[in-house]
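Note that this is a predicted model, so its numbers are computed, not measured. Proteins get letters first, then strands, A, B, ... in listed order; numbering begins at 1 in each.
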Amino acid sequence: MARYDAGAAEPRWQAAWTEGRVFEVGDDDPRPPYYVLEMFPYPSGRIHMGHVRNYAMGDVVARTKMAQGFAVLHPMGWDAFGMPAENAAMERNSHPGTWTYDNIDAMRGQLKAMGLSFDWDREFATCDPDYYAQQQALFLDFLDADLLTRKSATVNWDPVDMTVLANEQVIDGCGWRSGAPVEKRELTQWFFRITDYAEELLAAIDTLDGWPEKVRTMQRNWIGKSHGLQMRFAIEPNGTAPDWTELEVYTTRPDTLYGMGFAAVSPEHPLAKALAGKVDGLAAFIEECRRLGTSEEALEKAEKRGFDTGLRVKHPFLDETFPVYVANFILMDYGTGAIFGCAAHDQRDLDFARKYGLKVVPVVCPPDADPATFEIGTEAYVGPGSIINSGFLDGMEIEAAKDAVARRLAADGMGEKTTNYRLRDWGLSRQRYWGCPIPVVHCPDCGIVPERKENLPVRLPDDVTFDRPGNPLERHATWKHVACPACGKDATRETDTMDTFVDSSWYFARFCSPRAETPTDRAAVDRWLPVDQYIGGIEHAILHLLYSRFFARAMVKTGHLSADAAEPFRALFTQGMVTHETYSRIVTSTEGVGREVYFSPDEITRDEDGTPRDPTGETLIVGPTIKMSKSKRNVVDPEDIIARYGADTARWFMLSDSPPERDVEWTEAGAEGAARHLQRVWRLVGEAAAKLDGDDAPATGAGALRKTTHRAIRAVTDDIAAFRFNKAVAQIYGLTNAIGGDRGQDLPALREAVETLILLMAPMTPHLAEEAWAALGHSRMVIETPWPDADPALLVDDTVTMPVQVNGKKRAEIEVAADAPKDVVEQAALAEDAVAKLLDGGSPRKVIVVPGRIVNVVL
RNA sequence: GCCCGAGUGGCGGAAUGGUAGACGCAGCGGAUUCAAAAUCCGCCGAUGGCAACAUCGUGGGGGUUCGAGUCCCCCCUCGGGCACCA
């Protein structure tokens, strides 16, 4: 039998599947429905190994479920709006749509070459007017249902390019293109009222038992529910802020009120603004804070700085006043944008207090410390303890003190208990062209007027230019000038478009009825949703998944989904990244400046001893193994791999070795090994087919090969269901080795083993499986063949081998009947030479027998 | 900075609190071959030992347990997220 020729076999079977329409699924399919979905890609132009891994996993799930008798919905599309298309348009002076659709064509071809079981009839791109028309309809329904609001938000503003910047376009506080220091600007923007659902989104996390615990934890923390106290401090008048009589703060630690050392407000706090013109230097300080950008990360990492406003607030229980600072680490979006600082029991407050020489009074004493001598050094104490130095609170535990403070302040009308969430409303307005237009019109008389549904979609104009920064919709000659849908007078369209997270927050629902004239077809979504298995990168653990959960609820409220689809993803799997070694050398410029230059894996050559060299023969340094990225050039192109080894090899390698949730390193040797295994299977099939010609008696008996076969069925079935693809692969290697080593004459058992091997491999290497299946004489395709069943009778053993430990160290092994009673096992263990020797005639203190597992003799 | 993960042979990794290193890759030895490729068989954590075997060994340090890679506490390193990247 000739070597397996993937290059010839793969396109042939892909054509056979397409012709048989085996991946297209209708809504009237009598089989039980199963919806498996991989996160759709951004059409960057080429698929990368991360896609190969993601889609190989989804394909295993889809094909296994098909074999197990389900009607499987397995769609694919394109997350096609976003900044890269605009950047490309600027660089090439072309249109984002041209670039995007060209990329989609290229990537579709690459995905098809992988032999994935997608129903391509359902494909769409989010930039298709048919898709965004329905998204605009959803927006209008959400507007009606009070799920949207408009309010002011801060954006990064590049004063040179006159454009809004994304956080990733702000580098060290400066615009990425202009290099100019970034400013903050306040714009009125649209927001989804996701905070109205904070409690529900939090509570429902408990029901998501098909999700990884770490993602559930991240979402809980992100929503950040806290119980605290909203309280007001009286401001001591000093003439600088005559309208301000009190300062309202939010705290989760009212028990530390006696430890107060200062109060602080955000630079964006109204009080800070009120004081800016009155206090020398404050305006400049606030201006400096604006330079930090809008990301929480930037604020948190910046050095903690503050500015004393000169204003003082009165302590509610003490006859004392404390300074009010404007501080760069106070977030306006959290609580009231103002805090009281207790330096002894909060690290940030302590750092701040030390820096500005403010009071540090410990008020919580650790259980093992002496209240008389307990002091705070450079580390705040955040643990449990009892209250000290705190008047009526002294001696209380923390929780009791919190209650006592809350009661007393409530009685005085100065504060009340509140529940607070860290979660903020979802700002969706973007000042960009390549996104879904927000379908509203601004009328001088009527205000904000929704576009009429019959006028949807509000289409993006094609005649736009990208020769300068800023939003082309804004400067387009005619596009924004329209008649008011309400009164017919001259009005202007909203020129903002939607955040691309909106596009990806409901695409899974659209796949159920991609050509419907409404956002969803209720019969279709009721049949398919929620998604049974969702697969994608861990980087989407919070935003995309949380927004989708909100969107599903909003779609329930507006009648586009049934209530039982409020949680859109029944099960979630987050896969790791694909990494590769890096190769570089330092190139010194004529000015003597060294620069690290990277080389890609297909550019390098290797010496006998493995030393890598660049094309000119210079020695290269092997750098760290990191996520494949263009900048480090450690990218392996799936197209090259498929051309060289075939799609099955790429898929097999991506699924073997590494646990799917962890990062996997692409290595040349690993790919070779995968290719070799596929050849070996092909050879074994050829040998078996020759022997088995004409013999089709059913396998009987309980020989070793049959036992191995049925154990493999059990293990692989379980491993695939639990996303342990690497272990499923190891089991398949085991079965392959057993077939290769089989010298028996039991041909029915051999046929059973080989056919089982092919069926178990089929979800991972579907082309090879079809080719082998045909070689074994089958006329029906594997894709139409049911999954094998394990015979329970072949899974049990009569005897077990048990290790015997003495004081926890293994000293012997015994072979006993599987159902042997404990005392029989104990006797057998004590009778072992090695054990008897260590016992030295004495008797053990204790013998622990764990049936079927282990014996431990304690001396 | 904050939140969430991960660290086991030369490498990827396996191990319901119960024999650490399954399976694969690389390497070494052998068979086959005129030779090579391909293939097949064997060995393969470290140290000591002819061997039987012994001791050590799961990022580092403590602890719980008859027994810890696994549970608890502290630390180190690497990765993901931080609301306008997708």
> Within 45 degrees of the axis of the six-membered ring of A/Trp682 and under 6.0 Å from its centre: does A/Arg3 put its NZ or CZ there?
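No, A/Arg3 does not lie over the aromatic ring of A/Trp682.
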> Rounded to whole angstrom units, what separation is found between the NZ atom of A/Lys809 and the C1' atom of B/A68?
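Nearest whole value for this atom pair: 14 Å.
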> If each of A/Gly740 and A/Thr217 is mapped to the nucleotide of RNA chain B with the nearest heavy atom, which maps nearer the 5' terminus, i.e. the 5' end?
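Mapping each residue to its closest nucleotide by heavy atoms, the 5'-most match is A/Thr217.
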> Taking only the C1' atom of each, what is the distance from B/C34 to B/G27 in whole angstrom?
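It works out to 28 Å between them.
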> Of the options B/G24, B/C85, B/C84, whose atoms approach the side-chain atoms of A/Arg430 most closely?
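Side chain of A/Arg430 sits closest to B/C84.
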> What distance, rounded to whole Å, do you find between the two P atoms, one in B/C84 and one in B/A22?
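Roughly 49 Å separates the two P atoms.
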> Can you tell which of B/A38, B/G18, B/G24 lies closest to the side chain of A/Arg3?
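Nearest listed nucleotide: B/A38.
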> Among B/A54, B/G13, B/A83, which nucleotide sits nearest the side chain of A/Arg811?
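Closest nucleotide to the A/Arg811 side chain: B/A54.
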> B/G57 and B/G48: how far apart are their C1' atoms, nearest whole angstrom?
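So the two C1' atoms sit 15 Å from each other.
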> Need to verify one output field. Residue with the more 5' nearest nucleotide on RNA chain B, A/Val858 or A/Met802?
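Looking at RNA chain B, the more 5' nearest nucleotide goes with A/Met802.
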> Using a 3.5 Å limit on both distances, find every run of at least three consecutive Watson-Crick or G-U pairs that involves RNA chain B.
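Stem list for RNA chain B: B:1-7 with B:76-82, B:10-12 with B:23-25, B:27-31 with B:39-43, B:45-48 with B:53-56, B:59-63 with B:71-75.
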> Do NZ/NE/NH1/NH2 and the carboxylate oxygens of A/Asp351 and A/Lys355 come within less than 4.0 Å?
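Result for this pair is no, no salt bridge flagged.
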